[in-house]
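Everything below concerns the one structure shown next.
Below, chain A is the first sequence line, B the second, and so on; all start at residue 1.
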Number of protein chains: 2
Amino acid sequence: MISQETDTEQLILEAAKKVFFKKGYDGARMQEIANEAGINKALLHYYFRSKDKLFEAIFFNAFQQFIPSVVENLNADISFERKIEIFVENYINMLINFPQLPSFVLTEVNRNPERIAEMFGKIGIIPSVILQGIQKEVDKGNISAVEPKQILANIVALCVFPFAARPLLQIVLTENDTAKYNVFLEERKKEVSRFIINSIKI
Amino acid sequence: MISQETDTEQLILEAAKKVFFKKGYDGARMQEIANEAGINKALLHYYFRSKDKLFEAIFFNAFQQFIPSVVENLNADISFERKIEIFVENYINMLINFPQLPSFVLTEVNRNPERIAEMFGKIGIIPSVILQGIQKEVDKGNISAVEPKQILANIVALCVFPFAARPLLQIVLTENDTAKYNVFLEERKKEVSRFIINSIKI
DNA sequence: AAATGGTTAAACTAAATGATTAAACCATCT
DNA sequence: AGATGGTTTAATCATTTAGTTTAACCATTT
């Protein structure tokens, strides 16, 4: 019984993720999700009551995955440069595994910006910690006196944007060649940290 | 007569832009556009035949505005660093004036990536020119030997991302304070070019 | 002022879609 | 075998929505 339930529920979640990621909330159709899962449309409502609820499950999960937890890394006893290298490598690796994550989250976040604040609360992330961590490095004189805000924005932008804007950048940068663009993304793991470190070193 | 037509047509375009920018193609409703324009829904179809056609008009315009034309700037007889400063300042200024442009274009580009290639043709932009321009600077030894692809991606990412991800970044960076975030965006005009130049100088 | 032709609106249509209901199904227990 | 209770489906509902039709409107021309 239980295995039955988790199986179907899981099946639905995977199908819903696929469809929502591709079409967004407004473009997704319950029928299409049902087809994708190979089940009857009424089952979706049986398990999740409404499109909203089903979407919420998918979105919360995606949001959690998209917002990186950097706290452990920040406290580690290594140089700031090394911290950046590790973060960038890990985060871009994750994005390579879930390439539609940025465009999905950004689209939905823009569609409904109000509910985002409470989302941060739910996943227990305190943004200020990261900024303070960077400020400490400035105070210690390890990096040049740039506003932590700007540094953090730069790191995230450089990691995420190539995924969020892939359809455009793939044309502009690699003649719309998917394989070439994948190479470009691989190279960014080293390139982004080199770039960041270069720009903030004393 | 003519002024009548262009007036109504313009009215529709402005209303459509407002609604499409906020809700996206799938979330937008013809009725809402009509309300926004203060006219009857049938008039939308009278002037634009279909939702698709109306959207196409809005999207083409937005796309054109979003893709910067850098050719003149690239050929100007000034240092590469100065070119970057000018581009970044102009582009971020434009984005400050049309802040929803990035999220709208990126959302729609991801929803329908296939049609983008021909869009570039229509607006007469040859992406390779920009990359070649950067390569020339590398060859001349003006900047360090970084792949032009990476440099261009970095410049665009740093300019666009703070607008595309504003609802998230505003919480993380400026405690969800709109005025503070606007200051942050202003500061980026200087910050981004400083950042780029620092990272590619020999 | 009557006719003409473009413009606007009200009413309507057909299809799609999220949601509900009621019945069928199926495994487990007695 | 029959009852029980959760699971799945087919059929249906109510609403929304893009698009159409028909008539009213209005300025210009004759």
- Query: Within 45° of the six-membered ring axis of B/F63 and under 6.0 Å from that ring's centre, is NZ or CZ of B/R115 located there?
  - Reply: no
- Within this structure, what is the CD1-to-P distance between A/I33 and D/dT8, rounded to whole angstrom? 17 Å
- Task: Name all pairs fulfilling the side-chain hydrogen bond (donor to acceptor under 3.5 Å, both in side chains) condition that reach into residues 151-163 of chain B, sequence neighbours left out, sorted by first residue then second.
- Result: A/R188-B/N154
- Message: Could you tell me how far apart B/Y47 (OH) and D/dG19 (C1') are, to the nearest whole angstrom?
- Response: 18 Å
- For B/E137, salt bridge (charged side-chain N to carboxylate O under 4.0 Å, His left out) partners two or more places apart: B/K140
- B/K180: side-chain hydrogen bond (donor to acceptor under 3.5 Å, both in side chains) partners, not counting sequence neighbours: B/E175
- How many Å lie between CG on A/L43 and P on D/dG6, as a whole number? 15 Å
- Query: Hey, does B/I39 reach any base, or is it just sugar-phosphate, or nothing, if we go heavy atoms under 4.0 Å?
  - Reply: sugar-phosphate
- Item | Euclidean distance, atom CZ of residue A/F48 to atom C1' of D/dT7 [Å, nearest integer] | 15 Å
- Item | A/F66: ring pair (Phe, Tyr, Trp, His ring centres under 6.0 Å) partners, not counting sequence neighbours | none
- Summarise protein proximity over nucleotides 20-25 of chain D in one line of letters, 5' to 3': B for base, S for sugar-phosphate only, - for none, counting protein heavy atoms closer than 4.0 Å. BB----
- Item | Between P of D/dA18 and CD of B/E32, the distance in whole Å | 10 Å
- Message: Whole angstroms only, please: what is the CG-C1' distance between B/N35 and D/dT17?
- Response: 13 Å
- Note on the structure: side-chain hydrogen bond (donor to acceptor under 3.5 Å, both in side chains) filter on B/D139, not counting sequence neighbours, yields B/Q135
- Message: Within residues 22-31 of chain B, which residues have any heavy atom lying less than 4.0 Å from an atom of DNA chain C?
- Response: none
- In whole angstroms, the gap separating P of C/dC25 from OH of A/Y46 amounts to 17 Å
- Set of salt bridge (charged side-chain N to carboxylate O under 4.0 Å, His left out) partners for A/K136, sequence neighbours left out: none
- Task: Considering just the side-chain nitrogens and oxygens of A/T8, establish if one lies under 4.0 Å of OP1 or OP2 belonging to D/dT8.
- Result: yes
Name the atoms and distances for all side-chain donor-acceptor pairs under 3.5 Å in residues 159-169 of chain B, with sequence neighbours left out.
residue: B/R166; atom: NE; partner: B/Q170; partner atom: OE1; Å: 2.8
residue: B/R166; atom: NH1; partner: B/N182; partner atom: OD1; Å: 3.2
residue: B/R166; atom: NH2; partner: B/Q170; partner atom: OE1; Å: 3.1
residue: B/R166; atom: NH2; partner: B/T178; partner atom: O; Å: 3.4
residue: B/R166; atom: NH2; partner: B/N182; partner atom: OD1; Å: 3.1

- Residues in side-chain hydrogen bond (donor to acceptor under 3.5 Å, both in side chains) contact with B/D52, at least two apart in sequence or another chain: B/Y25
- Hey, can you pull the residues of residues 50-62 of chain A with a non-hydrogen atom under 4.0 angstrom from DNA chain C? A/S50, A/K51
- Message: Assess the residue pair A/N35 and A/Q31 against the criterion (side-chain hydrogen bond (donor to acceptor under 3.5 Å, both in side chains)); give the C-alpha distance rounded to whole Å, side-chain angles, the decisive distance to 0.1 Å, and a yes or no.
- Response: CA-CA 6 Å; A/N35 293 346; A/Q31 186 59 61; 3.0 Å; yes
- Task: Only counting residues at least two apart or in another chain, list the ones meeting salt bridge (charged side-chain N to carboxylate O under 4.0 Å, His left out) with A/R49.
- Result: none
